[in-house]
Amino acid sequence: MTYALQTIGLDKHFGGLHVTRNLSLNIAPGARHALIGPNGAGKTTVINQLTGVLKSNSGRILLEGEDITALPVHRRVLRGLSRTFQINQLYADLTPLETIGLAVSERSGHGHDWWRRMGTRSDINDEIAENLARFKLLDVMNEPTGRLPYGKQRLLEIAVAIATKPRVLLLDEPAAGVPESERHDILAAVANLPRDVTVLLIEHDMDLVFSFADRISVLVAGALLTEGPPDEVARDPQVKAVYLGEDANV
Amino acid sequence: MTTPSENVGYHARRSARWHWGEAAFWIALVGCGLLFPSRYLIMTEILRLGLFALSLDLILGYAGIVSLGHAAFFGVGAYCAGLMALHGIVNEPLLALVVAGLVAGVLGLATSMLVIRGVDLTRLMVTLGIALLLEALAERFSNITGGTDGLQGITMQPLLGLFEFDIFGKVGFWYTLAVLFVLFVLARRIVHSPFGLSLRAIRNNPLRAAAVGIPVNARLVAVYTLAAVYAGIAGALFTQTTQLASLDVFSFERSADLILVLVLGGTGYLYGGLVGAVIFKILQETFSTLTPQYWLFWIGLVLVVIVMIGRERLERWVFFLPNLVMRTFRSAKAGGAK
């Protein structure tokens, strides 16, 4: 079977520090897969390797069976591997309309179009409107993003990623820092992601992980500790030890 | 009833719509040409500086590329136009202008790889270095460039074979204004396209831009090359309207003044370069008549004041006063309505 996303023996060193150790992940098409691990387990490094921000020292990354290890960041996105950011990386002075418009333009191959004005292609306008509507952003589409409530910004974060029409979506702590009152909207948006998009959720919040994921990989010190369905992982004594150990240190 | 899609289209196109203030601006420029025939030379100088600053605005205001050596392209355009006229390679000025722009563009493309890498400080040093390099080369190959004397004896053929360049600079002025307008409209079109929007995204956050599928480096190369073409054309206009080309076209002062012009006018809305050029030349004229030796002191003072009052949004300090008036006016109206 062809996995939606697969890593084979991925490694990353920072000088003498071995951060990602021989990591092999297999993520099935349509899966709701979670990658968890205690602080400092190297989750962020793994995301940066998957998206191409960091070059891996060794190992391969396959997207739907095709080797993307050597591709630059934007080529991976166009191939169908998108991500959301944990810390806000939105364009503060662009509006949601422009932000989504950018993603749709690039995805549809019109991003280098320097002669046609924005908003003059009805197919692109349709797609922008559809994405804004799906994430309940139509009423704020002309506000500068920096002035939106944080919850709306987090929704826009997911909306941008979806606007690139990914095959595989990396969700990096989608609900981090969102106030309780706005949390419900984010969780609903995550739960309602299109079923044909494979999702890899990187998360700290165990409630979200266990309500969302159908498969969990546990990363400890850059290596895969265990992998399995949620109930199995929850019972795993090694996992308990890692998390209890972490709790005991707090 | 408009659909959400039509609504999206309407708002996406809104920023690209011509504002009445813009029409007024261009009419005012034409009006100046008609009203002050004795001032053609200085007005031509302002327009040319405006075009040069527009070029810098494309990379600085839109793509966030800082440059301390933009005179490199101005200089190449200037010498190119001068040499073509001097040796009769391309006689028709408009055609020569296009050729000079393209030559500068080739240089822009060739050096863009060095410039787009690295952070602001690297870019400042690399751009500065390239301009100094070219200045030194122009001095070294004085058999071609005329060295410190510059190119001597340039005579321009009539524009389009019809309009002879006159000593009052009338043809030069209208020619410069027409070129500026055409290039401005083109730049305006470009910044409101998906390409232009992607530049703003890159300036905002290059990491994020790549994560929505924008080929960051390719876009920066493209806009840097475009800006080089614009600067080259500004340089060629300089040679064609003054019939001069000397080493100072490459000078560091020219690049530095350009940043001043853009700070005076504001970045990222295209008119900054033009407005800045007008302010800069007026200040220069005023201060140098008042105190010929110390006009730079006053320019420096103005700069410091601008930075102090426009601290939060330096790039748009020009709007500080109008916005203040508008706000006061609105709140007065709201207060009166109660």
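Order of the sequence lines sets the chain letters (A, B, ...), proteins ahead of strands, with each chain counted from 1.
Listed here is the closest heavy atom pair of B:Pro4 and A:Leu138: CB-CD1, 4.0 Å. The shortest non-hydrogen separation linking B:Ala201 to A:Leu102 is CB-CD1, 3.4 Å.
Among the candidates A:Thr120, A:Leu97, A:Leu81, A:Leu78, the residue making the largest number of heavy-atom pairs closer than 4.5 Å to chain B is A:Leu97. For the options A:Arg83, A:Met141, A:Arg121, heavy-atom pairs under 4.5 Å to chain B are most numerous at A:Met141. Among the candidates A:Ala103, A:Gly111, A:Ser105, the residue making the largest number of heavy-atom pairs closer than 4.5 Å to chain B is A:Gly111.
With A:Tyr91 contributing its side chain and B:Arg203 its backbone, the two residues share no donor-acceptor pair below 3.5 Å.
Looking at B:Ala209, both its backbone and its side chain come within 4.5 Å of chain A, counting heavy atoms on both sides. Contact annotation for B:Asn7: both backbone and side-chain heavy atoms come within less than 4.5 Å of a heavy atom of chain A.
Applying the side-chain contact (heavy atoms from CB on, under 4.5 Å) test between B:Ile214 and each of A:Glu106, A:His74, A:His112 identifies A:Glu106 as the sole match.
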Let me see the working for A:Met118 and B:His11 under side chain to side chain contact (heavy atoms under 4.5 Å, CB included), right down to the final yes or no.
CA-CA 9 Å; A:Met118 285 298 290; B:His11 286 288; over 6 Å; no

For A:Leu132 and B:Val8, run side chain to side chain contact (heavy atoms under 4.5 Å, CB included): C-alpha distance rounded to whole Å, both residues' side-chain angles, the deciding distance at 0.1 Å, then the answer.
CA-CA 10 Å; A:Leu132 288 169; B:Val8 160; 4.1 Å; yes

Stepwise, does the side chain to side chain donor-acceptor pair (under 3.5 Å) test hold for A:Asp126 with B:Ser5?
CA-CA 5 Å; A:Asp126 289 347; B:Ser5 169; 2.4 Å; yes

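Annotation: cation-pi pair B:Arg189/A:Trp114 absent, no NZ/CZ under 6.0 Å from the ring centroid and within 45° of its normal.
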